[in-house]
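Scroll down for the structure; my scribbles are underneath it.
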Amino acid sequence: MTQPVLSLNNLKAGYGQTEILHDLSIYVNPNEIVAIIGPNGAGKSTAMKSVLGLLNIREGSVVLNGEDITDTPAQKVIEKGISYVPQTNNVFVNLSVQENLEMGAWTRPNGVEARIAEMYELFPDLAEKRNQAAGSLSGGQRQMVAMAKALMVDAKILLLDEPTAGLSPKYRGEIFSTIQKIKNTGVPILIVEQNAKQALGVSDRGYVLVDGANRHTGTGEELANDPEIARMFLGGGH
Amino acid sequence: MWDAFGFEFVNFYLIPGLVLGCIYALGAIGITLTFGILRFANFAHGEIMMSGAYLTYTVMAIVAGAGLSLHPLVAMVPAAFMVILLFLGTDRYFYKPFRKEDTIKVVMASFGMMLIIRSAVQVIWGPNQIAFVPGIAKPNAWLQSFTGDLGAMIIMPNKHLFIFAGTVIIVIALGYLLNRTRIGKAMRAVSDSPDLAHVTGINVDKVINATWIVGGICATAAGVFLVMDTQTLETTMGFRMLLPMFAAAILGGIGKPYGAVFGGLVIGLAEELSAYPWIGDAPLLSPGYKTGVAFAIMVIMLIVRPQGLFKGRSF
């Protein structure tokens, strides 16, 4: 059995006194896209933040490539190779695209220029906007900047928190195809999504989260075709 | 035309306004950076400026004791080092413990620091005025004869030329730092979004220290330029500068260093020009109301355009 890149094992976590995750177990294998779907308030984003050491973990563990990183501060987690793209507020709006990428490379010891060039290859739209302020870009392009910025380090895994929230269908498709491209560069991805159907479409596996615990697990296809899940989260229409 | 109108306006209103504007600008840079990056209004900033001026005076006095004389701009360098240490020390022991708490606590801490620093300066140097480089500042003879030949005589003492030159150099250096260097870009990034900077892996503590260093240099320069201009050291000078400096920072837009420079110049000019006899022979506004001008601009900005001219953060 392969060792997972990232695993969350029986997590209980929350903010202050409030426990949001009651018993959550998730793992991501190398070269996998894994989606976490579920209704609002199920704790999807909280699960991601628990990986980054941004909230209180009561029980359970977070393991990165065999190393226990439970309760490690965010900056150390990022140095260890976990890249995170928050749902909102995920680019520096007053900095240019190029400067955003440079900031993404803060923990990268060298080869920044070369990596930036690679990112412009992966996200060709950004190359021509490199000197524009990120805040002047459209929502979809901002999301591209945010992902490119997160990939500036040699990420062992990329965490995406609702990358298509609030985007037009055109951009949604573009984001999902970019996610595929990123996976093909060898970076596994854990993605939290509201657009469950599309997310499961690109995912190798998925987890359905309800009330802070995983309710269903399966391959992207299995979950997308499961009538019960379809009724609950995929907008009925089956 | 020049003799009737220009000479008086330029030499007695415009130039002093720009000089004052430069001093406000340098002070406001520190305030706006602190506000942008650490997210609190640092009430002790004026006192830090004032202590920078006192330290510069002391360095000059020590050197004078050895029989040499040192220009304030040179004496300013070791003083700036001490001011930076003072900034870093206050941050470490008085502000950092409140970093994750409500903003009001650290604002109160800075208010306390303001009182502590002023009292300490009064204990060390005494509460009375001290003459800083005594004597009458003579106008620069070359500038006077050169502009006089052109028919627009400008009477400007060397100290004002130094203040202008110093401000221009500092603002250019600041622009280079913020736009061309890694730490400067990170300062802008943290000012943009501390949370995102945190999850990007940016070393926020390092950025905060850089902010105090930049703020310390600008504050020392502002304090020294002020005492070069007034030629008097007073323990209340920092406090008097606080309101116009905040007005400048708000006018330019909180978190916008260039906005602060622009705002400083506008406030400085507005204060001086408000006393110009625009209508009739009497000053438009009695010079005693100068500070009121800054206050009025601040209040109007907060009501009409709280994000400032350069679209800073609004609260």
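In what follows, chains are A, B, ... by sequence order, proteins preceding strands, each numbered from 1.
Between B/Val204 and A/Gln75, every side-chain heavy-atom pair lies at or beyond the 4.5 Å cut-off.
Neither the backbone nor the side chain of A/Ile82 comes within contact range of chain B; no heavy atoms are under 4.5 Å apart. Residue A/Lys149 touches chain B through its side chain alone, counting heavy-atom pairs closer than 4.5 Å. Proximity to chain B (any heavy atom under 4.5 Å) is restricted, for A/Val91, to the backbone atoms N, CA, C and O. Only the backbone of A/Ala105 comes within contact range of chain B, judged by heavy atoms closer than 4.5 Å. Of the atoms belonging to A/Glu79, not a single heavy atom falls under 4.5 Å from chain B.
For the pair A/Glu99 and B/Asn179, the tightest heavy-atom approach, listed with the atom from each and the gap, is OE2-O, 3.9 Å. Of all heavy-atom pairs between B/Leu196 and A/Asn90, the closest is CD2-C, 3.3 Å.
With sequence neighbours excluded, the residues forming a ring pair (Phe, Tyr, Trp, His ring centres under 6.0 Å) with B/Phe43 are B/Phe111, B/Phe246, listed by chain and number.
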Exercise. Please report the C-alpha distance between A/Met152 and B/Thr200 in whole Å, then the side-chain angles of each, then the deciding distance to 0.1 Å, and finally whether the side chain to side chain contact (heavy atoms under 4.5 Å, CB included) criterion is met.
Key: CA-CA 10 Å; A/Met152 281 303 296; B/Thr200 302; over 6 Å; no
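Surrounding NZ of A/Lys183 are more than 12 heavy atoms belonging to other residues, nucleotides or ligands, all under 6.0 Å away. Within 6.0 Å of CZ on B/Arg92 lie no more than 12 heavy atoms contributed by other residues, nucleotides or ligands. The neighbour count for B/Phe295 CZ, taken as heavy atoms of other residues, nucleotides or ligands under 6.0 Å away, does not exceed 12. When the shell of 6.0 Å around CZ of B/Phe164 is examined, it contains more than 12 heavy atoms from other residues, nucleotides or ligands. Heavy atoms from other residues, nucleotides or ligands lying under 6.0 Å from CZ of B/Phe262 number 12 at most.
In this structure, the side chain of B/Asp192 engages the main chain of A/Asn94 through a donor-acceptor pair within 3.5 Å.
Contact count versus chain A (heavy atoms, under 4.5 Å) is highest, among B/Ala186, B/Ser191, B/Ala197, B/Gly201, for B/Gly201.
For the atom pair NZ (B/Lys185) and CD (A/Gln98), the distance works out to 7.0 Å, reported to the nearest 0.5 Å.
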